[in-house]
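Written out below as structure tokens is the structure these notes cover.
No hydrogens, no waters, no symmetry mates; every other heavy atom, side chains included, goes into these values. Numbers restart at 1 for each chain; the letters A, B, ... are given by sequence-line order, proteins then strands.
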There are 2 protein chains.
Amino acid sequence: MMEAMGRVTLQTIADEVGVSRMTVSNAFSRPDQLSADLRATILAKAAELGYAGPDPTARSLARGRAGSVGILFTDTFSYAFEDEVAAGFVGAIAAELAPTGSAITLLTSDTTADFVPARDVALDAAVLYACNDDSGAIDWLVRRRLPLVFVDHRPRPGYDSVNIDDREGARLAADHVIGLGHEHLAVLTTAHGAEAGFVSAPFAATHVVSEQRLLGWFDAIHGAGLDAPVVQAPKHGDPADAIALLWELDPRPTAIVCFSDVAAAAAIRAATEYGLVVPDDLSVVGFDGTQLAAWSQPSITTIRQDVAAKGRAAATLLGERMTGSTKRARRIVLPVELVVGDSTAPPPTQR
Amino acid sequence: MMEAMGRVTLQTIADEVGVSRMTVSNAFSRPDQLSADLRATILAKAAELGYAGPDPTARSLARGRAGSVGILFTDTFSYAFEDEVAAGFVGAIAAELAPTGSAITLLTSDTTADFVPARDVALDAAVLYACNDDSGAIDWLVRRRLPLVFVDHRPRPGYDSVNIDDREGARLAADHVIGLGHEHLAVLTTAHGAEAGFVSAPFAATHVVSEQRLLGWFDAIHGAGLDAPVVQAPKHGDPADAIALLWELDPRPTAIVCFSDVAAAAAIRAATEYGLVVPDDLSVVGFDGTQLAAWSQPSITTIRQDVAAKGRAAATLLGERMTGSTKRARRIVLPVELVVGDSTAPPPTQR
DNA sequence: ATGTCTCACTGTACCGGTATAGACGCGCTG
DNA sequence: CAGCGCGTCTATACCGGTACAGTGAGACAT
């Protein structure tokens, strides 16, 4: 077993055993096509030669199946995975896809000069997760005519999509504090690359998710005959600056509805540092229903979304697309639910 | 441009334009090999035909390069990504690899009957992240003779590895509380699939990381002439049961050193529910230096590891392996650092 | 004895690209 | 004007498998 021989392929083994290459292929891929004895002989020789099985790339080419589906993020991965929601989604979809024999390949929009993952990586399908519409990577994926599922993304005509009921969730969040008697609400939202500052409504939300949540909050706020200032924090970075702006307002808000649990946690920290007690002086509502919300001190009232269900839904749609039954595009919208924690209470004046 | 035609390949375009297939290939992959005019013509025709570029799978086969490196986790992904440390590592390595033109493929040890990701997915190399040694997936990767880097894993002879100085970190953690005057310490560790309960030292740690941390804690504890009970919690699941066991002890521990920040946060919650005040009645030290530790209330004294550096180191080693300069296996051990938070203080008797 | 089946294995033609070594025409030099 | 180098394009031979349509031998029914 000298190391001098080149690469061991099916042919190498075929020659050694004295059968055709096809028979060796069958020994690995279609055991019922040859006698058990011969198969054992072949497998033994393969083991002896250190052959680990048919080359995945070659097999992919011949079978026309890459064995992996891509997930495209707009953010760099470092951000994508700092986010409990995104990470949970990836986990769920990966778990769901595993039994079907697909791995998950992470795709960035980051385009190095000559390497564009969305164009150059072998894929059977792809999930677009919360991407900006203007991401060039989406175009490549579309051009490749891959089965695509858009998740937390503005649905595209002709393509499947999975969303949660962001608008309804935001409405529930705002209705909750309004129901507690609050009249001075503030909205804390985030936007990619934005500066901390006030935003006027009607606002140009950069992304469907923020857009829908803004709409939902104001469904409730305007519905109650109220209005509310909106502050915006950079999506990645400390929202503290944005939150600080709220303390200057007169009247100071007694409740803040936030884009995410992370933002809510930051708001609670900022409030505490400023000397306010949550929920006595200030109510805070998050969004997503993460562990952070549950474990935070005080626990955060939030809108729970089922991240695992989102992953399963995406996987199911992908499965249906890949098995070819070309149906109309399906749009799935998952429900959300208010989870009351300890971060909300009636406003100070009413206590 | 009827849809009736089959798949569009280089040949299709070559025929349409009236050049050889090779020239079309060059138009996409080696622009300097043909005149700008012809290239423009070819690209135009390709666009017209909806050809997105050379098929990645075929190109991989011909070039002998898959364009993706695998990351193997022992856990299911759902768990892997719930973990801030694991998620951060994936993010860092992905970011580091992107410029080299490699995507990241997630591999599980979960082996469906006929699909073994570690065997069947096209890969140029792989990172093994905190895997159990007995994972069959590792063997497949080894058999394929892929360049491999073991991260947070017991180093394998002949292979590169990246670890942090777990033992030193644990020693620092225990030394810190011992230095504060604590004499009754307890150790909270975790093990895959374990039941909540006391473990005796010398203990059979299932994994290098827990093993090294245990050794480190006891370096300090024994070094100070003390001893300490060790409770073990299931790796995934609520450590509350394990922690509750500590309240029964006499004397009750005044300090707990924990396997992770997550475990430390759980310990603080459990202690608070039990009626203890951290750090007045009980000191708690975590491990990892996550955001959770920083944001927790009180902030958690912890041992910081540089997750991003770990990712970069792994990516660098992979790069070196893949470019072929076959050197001896390299073992990188990254330093750790004590970060003092608000969860540790002198023991109650000394106050 | 003949026809028909099934089982086990083989031959051939792809899958869709890329590497490499030429072929050809052209302007430049000596 | 032969000789040379260069810029363009082409021909051929892989890359390492798999699908599918045989082929031949033995089992079995007629």
Below 4.0 angstrom from OP1 or OP2 of [N], is there any side-chain N or O of [X]?
{"X": "S60(B)", "N": "dG17(C)", "answer": "no"}
{"X": "T9(A)", "N": "dC15(D)", "answer": "no"}
{"X": "Y51(B)", "N": "dG17(C)", "answer": "yes"}

Of the nucleotides [options], which has the atom closest to the [X] side chain?
{"X": "R30(B)", "options": "dG11(C), dC15(D), dT20(C)", "result": "dT20(C)"}
{"X": "L10(B)", "options": "dG17(C), dT20(C), dC9(C)", "result": "dG17(C)"}
{"X": "P54(B)", "options": "dT10(D), dA8(C), dT18(C)", "result": "dT18(C)"}
{"X": "M22(B)", "options": "dG17(C), dG16(D), dT10(D)", "result": "dT10(D)"}
{"X": "L61(A)", "options": "dG16(C), dG17(C), dT10(C)", "result": "dG16(C)"}
{"X": "R59(A)", "options": "dA19(D), dG17(D), dT10(D)", "result": "dG17(D)"}

Who are the ring-ring contact (aromatic ring centres under 6.0 Å, His included) partners of F89(B), not counting sequence neighbours?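 So F89(B) forms a ring-ring contact (aromatic ring centres under 6.0 Å, His included) with Y129(B).
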L34(B) or A58(B): which one's nearest nucleotide on DNA chain D is closer to the 5' end?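 First, find each residue's nearest nucleotide; the 5'-ward one identifies L34(B).
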5'-most contact on DNA chain C: R21(A) or D32(A), nearest heavy atom basis?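 Result of the comparison: D32(A).
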Got a donor-acceptor contact below 3.5 angstrom from the R39(B) side chain to the A27(B) backbone?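 Yes; judged by distance alone, with no hydrogens or angles, the pair exists.
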Hey, does the side chain of N163(B) reach the backbone of V333(B) with a donor-acceptor pair shorter than 3.5 angstrom?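 Pair absent, no side-chain N/O of N163(B) close to backbone of V333(B).
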Between side-chain atoms of residues 307-316 of chain B and protein atoms elsewhere (two or more places apart, or another chain), which donor-acceptor pairs fall under 3.5 Å?
unit_1	atom_1	unit_2	atom_2	d
K310(B)	NZ	D152(B)	OD2	2.7
K310(B)	NZ	Q305(B)	OE1	2.8
T316(B)	OG1	R312(B)	O	2.8

Look at all strands and tell whether S29(A) reaches a base, only sugar-phosphate, or nothing, counting heavy atoms closer than 4.0 Å.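 Result for S29(A) = sugar-phosphate.
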